[in-house]
Number of protein chains: 2
Amino acid sequence: MIESAVGAGRPGVAGEKAQYRKLAASMRLEIEAGEFGNNGRLPSEESLAEQYGVSRGTVRNALALLRANGLVTSRRGTRRVVLGTARTQSFQELLSFTAWARAQGEEPGARTLHCLSRPASAAETEALQLDDGAVVTEVLRLRLLGRVPVMLERTVYPERTGAVIGGLAPDSLSHTEVLDASGAVFADSEHTIDVVPADSVDAGALGCAEGTGLLREIRRATDPAGVPLLWSEDRFLPGTVSFSVHNSASVSALARRRGRP
Amino acid sequence: MIESAVGAGRPGVAGEKAQYRKLAASMRLEIEAGEFGNNGRLPSEESLAEQYGVSRGTVRNALALLRANGLVTSRRGTRRVVLGTARTQSFQELLSFTAWARAQGEEPGARTLHCLSRPASAAETEALQLDDGAVVTEVLRLRLLGRVPVMLERTVYPERTGAVIGGLAPDSLSHTEVLDASGAVFADSEHTIDVVPADSVDAGALGCAEGTGLLREIRRATDPAGVPLLWSEDRFLPGTVSFSVHNSASVSALARRRGRP
DNA sequence: TAGAAAAAGTTGGCTACACAACTTGCCTCC
DNA sequence: GGAGGCAAGTTGTGTAGCCAACTTTTTCTA
C-alpha cells in the first residue's frame, strides 16, 4: 500500500481524523479550486483509491460525505458530476451564532437582557425531557453583528448546563463555546424555521415596528446519548440571514410542516 | 444465510428496493410503534444482522439512513439510542406542494395567474445553466389548501421542461407529477429560506397587507446528471407552514447565510 | 450511413473479516 | 465504601472481493 498524500492511518498526526474524512476534505478543496471544472466529472472510485492509496470502500465513504453536502451527484453507471462549490458550514457554526459570525468575517456581539432560574413549563419539561418540577435557566440575549442588532435569542437550559451559563458575565459572547469547554458534547440538533410577527419585546430590542415579520429559528440540541442540552427560539430581523439546505433523493433532511410548530 | 423477513435480495418483488432500504423502512415502523421505547436502545448491529439475515454492512447502511433522518443517535462504544419518532417526508413531498398537501390530508389547489415564455434573465441563465439567449417558461401560480390561499409560486423552467408545462390546463394541480411522468428525474435540490415583505402582487393574490412578512423558499432542482430542471420562488403566508431540518455532527445539511441570497 | 448489438467502464449493493476506539459494568484492592 | 483497573460489549474505520445495474463507447451488421 502506498502512503497517501492525505496522511494515511497515522493517528495523532494532522487533525486525528479518519482517513475518509481527510480524503473528503482534500477532495473538497480540489473541487472548490475548480480542479474538475463546474459540471465536470470526477475520476472513478477505483482510480481515486489508487491515487490516494486507500481502498475503494474508504473512497466511497468520502464521496458519500461530499454527496450529502451537495457537492457532487452520484448515479449508477456513470462517473460522478460536480454539482457546485456549495461550501457547507461546520456543525459548530450552525449552533453558535458567535462562531458563525466570525466565519463570516463579522464581529459578533451579545447583550444579556435577562437571565433567571425558574421551574420549567409543561412544554419545556417535554422538550428537554425533564422530571416534573425541574428547574431551568432562561436567558434572553440580543445578538449583534458589529453594532447592529440582528437577532433576539431566547434560550432555555436544563439545570445542569444552566448552572454553567448562570455564572457568566452578561456580555460574554459564546455560551456554546463555554459549554463545549465544560465537557458538554453537541451531537444532534433539530431546527424549525418559520415567520412570526414581532411582539413588543422583540420590537423594543431589535428596533423594528411591532408586527414586523421576523424569521424564527427554533433549535433543540442533544448530546450523543440523546439527552437535550438546550432549547432556543431565535428571532432574526428580515434580510439579515437566510437558511439553506441541500436535499437529495436518497437522503432528505428537510421537511415542510403544517402551521406553527 | 436465512431468508429474511424483509425479503432478501429478490429483485422484482416487494417494491424493488435495496435490502438496506427495506430494512430501514421496517425498523422505522418498529421505532415509531415504540418497540424500543422513547430514548430506548436499539439491539446491536450484530444481532440485527442475524435477526434479519443480512450482513452487518447492510445493517449499518440502514442505520445510517435512520441516523440521517434524526431517528436514532450513534456513538462509538455504546448501543444506538432512539431519538424520537421524527416522521420524515419523502423527497417528492418536499418538491411538490400537491404531494405534500395530500399527505397532510388537505385538499391542494392551484390557480394559474400567468404563464409565458420569454428570454432568460442573466440571473436565470446562471441558475439554470442556460446558453445565452435561451428561452424560459415563467409560471405564476396561487396555491391553496382547501379554499384558502397559502402560497404564491413563481417558477421558471428551462425550455425543455417548459414546453411540457406550457400545454397544461390553467387549473391543473401538480406540475412536478407531470414532469415526472414525462420522464424527468428529480435527484437533488437546494433550498434557501428567508423572509421578504409582501409586494403589491403578493398582497393582492394572497389577500394580505402589503409589507406583511412572508416566508420565502427558493428551490432549485436538478436531475441525476446535475442539469437544472426548475427554479422557483415560493412565498408563504405567515403561520401556514414551517420547515424543519435535522442535523448531526457527522453530516450537516443546513447552513446559515448572510443577508439575502 | 444508420441502427442494433456487444463490450467496456462505472457506481450500487452486499458479504466477510480485522482491528481500533470507546462505553459500561464488574471486580478487586485499599 | 470508594477508587481504580480490567474485561466484555459495541460502534467506527478500513480492506478485499464479488456481482448487479446502468451508462457510454465501440464494433458490427443491414
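A note on names: the letters A, B, ... follow the listed sequences, proteins ahead of strands, and every chain is numbered from 1.
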- Note on the structure: Taken to the nearest whole Å, CD/A:E50 to P/D:dA16 is 12 Å
- End-to-end bend of the helix from C:dT1-D:dA30 to C:dC30-D:dG1 (five-pair axes, 10° rounding)? 0°
- Donor-acceptor pair under 3.5 Å, A:R56 side chain vs C:dG12 base: yes
- Using a cut-off of strictly less than 4.0 Å, decide whether A:R80 has a side-chain nitrogen or oxygen near OP1 or OP2 of C:dG12. yes
- Message: Can you measure B:Y52 atom OH to C:dG13 atom P for me and round it to whole angstrom units?
- Response: 19 Å
- Would you indicate, yes or no, if C:dC14 has its OP1 or OP2 atom less than 4.0 angstrom from a side-chain nitrogen or oxygen of B:Q19? yes
- Can any side-chain N or O of B:N69 pair as donor or acceptor with the backbone N or O of B:L71 at less than 3.5 Å? no
- Message: In this structure, how many angstroms lie between the P atom of D:dT13 and the CZ atom of A:R60, rounded?
- Response: 16 Å
- Out of C:dT15, C:dT11, D:dG14, which has the shortest distance to the side chain of A:E45? C:dT11
- Determine: side-chain N/O of A:T58 to OP1/OP2 of D:dT15, distance under 4.0 Å, yes or no. yes
Between the protein and nucleotides 5-9 of chain C, list every N/O to N/O distance that falls short of 3.5 Å.
| unit_1 | atom_1 | unit_2 | atom_2 | d |
| --- | --- | --- | --- | --- |
| C:dG9 | N2 | A:G77 | O | 3.0 |

- Message: Without decimals, in angstroms, what is the distance between B:R21 CZ and D:dA20 P?
- Response: 20 Å
- Note on the structure: Correct closest heavy-atom pair for B:Y52 and B:E30 would be OH-OE2, 2.5 Å
- Note on the structure: Looking only at C:dG13, D:dT11, C:dT24, the nucleotide nearest the B:R75 side chain is C:dT24
- 5'-most by nearest nucleotide on DNA chain D - A:S55 or B:L63: B:L63
- Query: What is the distance, rounded to the nearest whole Å, between atom CG of A:L23 and atom P of D:dG14?
  - Reply: 9 Å
- Task: Measure across A:L48 and A:L63 and return the closest heavy-atom pair with its distance rounded to 0.1 Å.
- Result: CD1-CD1, 4.4 Å
- Taking B:R28 for its side chain and B:L66 for its backbone only, find out whether a donor-acceptor pair lies under 3.5 Å. no
- Message: Quick one: does any side-chain atom of A:R220 pair with a main-chain N or O of A:A127 as donor and acceptor, under 3.5 Å?
- Response: yes
- Are the side chain of B:R256 and the backbone N or O of A:E93 linked by a donor-acceptor pair below 3.5 Å? yes
- Distance below 4.0 Å between A:R41 side-chain N/O and D:dT24 OP1 or OP2: yes
- Item | Atom pair CD (B:E138) and CH2 (B:W231), whose distance is rounded to the nearest 0.5 Å | 9.5 Å
- Rounded to whole angstrom units, what separation is found between the CG atom of A:N61 and the P atom of D:dG14? 7 Å
- Query: Just wondering, do A:R79 and A:L42 contact through their side chains at under 4.5 Å, heavy atoms?
  - Reply: no
- Message: Tell me if a side-chain donor or acceptor on A:T73 pairs with a main-chain N or O of A:V81 at a distance below 3.5 Å.
- Response: yes
- Message: I need the CG-C1' distance between A:L66 and C:dT11, as an integer number of Å.
- Response: 15 Å
- B:Y20 side chain near C:dG13 phosphate (N/O to OP1/OP2, under 4.0 Å): yes
- Task: Give a yes or no on whether A:E46 atom CD has more than 12 heavy-atom contacts from other residues, nucleotides or ligands under 6.0 Å away.
- Result: no
